[in-house]
There are 2 protein chains.
Amino acid sequence: MSAALPPFPHTEEPFGRTELLQLDTTAHEPDACLRADAARNRARLLDAAARLVAEHGAAGVTMEAVAAAANVGKGTVFRRFGDRTGLLTALLDHSEKKFQAAFLGGPPPLGPGAPPVERLRAFGCAMLRRSAEQLDLQLAAEPSADRRFASPPLRVLHGHVALLLRQAVPDADTELVAHTLMGYLNPVLIHHLTRQCGMPLERLEAGWRDLVDRVTATAPDTAG
Amino acid sequence: MSAALPPFPHTEEPFGRTELLQLDTTAHEPDACLRADAARNRARLLDAAARLVAEHGAAGVTMEAVAAAANVGKGTVFRRFGDRTGLLTALLDHSEKKFQAAFLGGPPPLGPGAPPVERLRAFGCAMLRRSAEQLDLQLAAEPSADRRFASPPLRVLHGHVALLLRQAVPDADTELVAHTLMGYLNPVLIHHLTRQCGMPLERLEAGWRDLVDRVTATAPDTAG
DNA sequence: TAACGATCCGGACCGAGGTCCGTTTAATTT
DNA sequence: AAATTAAACGGACCTCGGTCCGGATCGTTA
């Protein structure tokens, strides 16, 4: 098996850094340290992609279509964004960063200052609303199974939840509980429940708050 | 938009029945009511697919490869199984049915007879072990996002969990809690935790039991 | 400003999933 | 047994994601 040496030197976020929870607003301004033409094409591509989403929905965002709409070769799209998921993720990046800023440094109850359980409640409801808005994109941007849980944006969210849980229920296996909670916020599930089952978002929010309460209630010791 | 009238009359399980929790051991013996040649080819295909999995792993199961190995046209594979997911799912069907039988009618604590919370605990651990065995196939058989939660096998599992939850915590929104619990058992997550993070299965099992206990502990009323 | 090397570009190319439709065949009816 | 028809067959064909590599470009060094 030829261990993949990167075909492209500068592909975007080829695979996430391990340091967690940096607020990379400045850290990773994508156009910096990019050759002039490359930066210009990147902008064109994102622009074209956004236009296509607006016109034909996320399903209409074909790599070739984007390339064509941006007057750029197909290879360029892949060099810049790695794959389709990468492109769509980049499209969501702005909203993502805003959200990160909100729960990392914004006002309570989402940001620091409120007790952890309250922050958890706020976090989930915020995510539910955010995902409900961008469902199309969120679904289309889902990574392939093998990197689903390794995707940098998800890792940040997971890390945050795990952190709050450590404060709220230090005795639990917070890593696992965090995965459980994040599962509830999975866009695919949200899509299923709201669009395919017709549940109102309020029910999901109530469900989230209840879930947080159950999970953070002080330890059960029904020894198995 | 042309509302798809089924291209093939007899494609397997084109989309699930709504009745839940039938033990369809007899209900849907696939070869019955299938034309002789069709049944024969179906068998050939499953056989070929299984052989390919054994030899090259699930990744090596190409629709064309299966068709070739079974001495059958490509179109035949798709008519019979709908798509790749359908084929892989059919490959898992036997194990699936066995598992269903175990928790629907087998001996406690998995089957009826034990108190619901205990059955839940047993159910999760059984699923964890089952998925850990067939991870390759389970991952490869994951349905595309839009039908992930509509897939018949998942619906049966979900329905079972919801049923037990209704007995254990009748006041909760059991539908949502069931989704939460099922999320913990998602093969993609199991793969991530065991193979990519190196967690031992025992930790996942302990996590499951703890989760069940937390979730079924009598209602929290920290009114949000 | 000339030359050079790293980076980027573009589009031909490939593989795999999925569709189409003219042809063949199994079951049923007369 | 011949006729009929619904179902199954097969493989050419399409689309789309992803790769490859010869040639163009940028930025730097002299």
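Just so you know, these numbers use all the heavy atoms, side chains as well, and skip hydrogens, waters and symmetry mates.
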Between [X] ([atom1]) and [N] ([atom2]), how many Å, whole number?
| X | N | atom1 | atom2 | result |
| --- | --- | --- | --- | --- |
| B:Leu87 | C:dG17 | CG | P | 10 Å |
| B:Arg80 | C:dG18 | CZ | P | 17 Å |
| B:Phe78 | C:dG18 | CZ | P | 5 Å |

Take nucleotides 21-30 of chain C nucleotide by nucleotide from the 5' end and write B, S or -, depending on whether a protein heavy atom sits under 4.0 Å from the base, only from the sugar-phosphate, or from neither.
----BSS---
Mind running a 4.0 Å heavy-atom check of residues 43-51 of chain A against DNA chain C and sending the residues that fall below it, in number order?
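Nucleic-acid contacts, sorted: none.
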Do you know which two heavy atoms are closest between [X] and [Y], and how far apart they sit?
| X | Y | answer |
| --- | --- | --- |
| B:Arg42 | B:Leu34 | CD-CD2, 4.1 Å |
| A:Val177 | A:Ala172 | CG2-CB, 4.4 Å |
| A:Arg166 | A:Gly159 | NH2-O, 4.4 Å |

A:His192: ring-ring contact (aromatic ring centres under 6.0 Å, His included) partners, not counting sequence neighbours:
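With neighbours one apart ignored, the set is B:Phe149, B:His179.
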A:Thr76 side chain N/O closer than 4.0 Å to the phosphate oxygens (OP1, OP2) of C:dG10?
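Yes, such a contact exists.
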Between B:Asn41 and D:dA8, is there a side-chain N or O to OP1/OP2 distance below 4.0 Å?
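No, because none of the side-chain N or O atoms of B:Asn41 sits under 4.0 Å from OP1 or OP2 of D:dA8.
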[X] side chain near [Y] side chain, heavy-atom distance below 4.5 Å:
| X | Y | answer |
| --- | --- | --- |
| B:Leu88 | B:Phe81 | no |
| A:Arg121 | A:Cys125 | no |
| B:Gln100 | B:His160 | no |

Write out a two-atom table: protein N or O, nucleotide N or O from nucleotides 2-4 of chain C, distance below 3.5 Å.
none

Exam field: side chain [X] to backbone [Y], donor-acceptor pair closer than 3.5 Å:
| X | Y | value |
| --- | --- | --- |
| B:Arg119 | B:Phe103 | yes |
| A:Trp208 | A:Leu120 | yes |
| B:Thr180 | B:Leu176 | yes |

With respect to A:Thr89, which candidate in A:Leu92, A:Leu87, A:Leu91, A:Thr85 satisfies the side-chain contact (heavy atoms from CB on, under 4.5 Å) definition?
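Going through A:Leu92, A:Leu87, A:Leu91, A:Thr85 one by one, the side-chain contact (heavy atoms from CB on, under 4.5 Å) with A:Thr89 is satisfied by A:Thr85 alone.
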Please list all pairs passing the side-chain hydrogen bond (donor to acceptor under 3.5 Å, both in side chains) test where one or both residues lie in residues 56-68 of chain A, with sequence neighbours left out.
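Output for this query is empty, none listed.
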Atom pairs, N/O to N/O, protein against nucleotides 12-16 of chain C, distance under 3.5 Å?
none

Considering heavy-atom distances to DNA chain C, does B:Val61 or A:Ala38 have its closest nucleotide positioned more toward the 5' end?
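Looking at the nearest nucleotide for each, A:Ala38 comes out on the 5' side.
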Under-4.0 Å salt bridge between B:Arg148 and A:Glu142
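So B:Arg148 pairs with A:Glu142 through a salt bridge.
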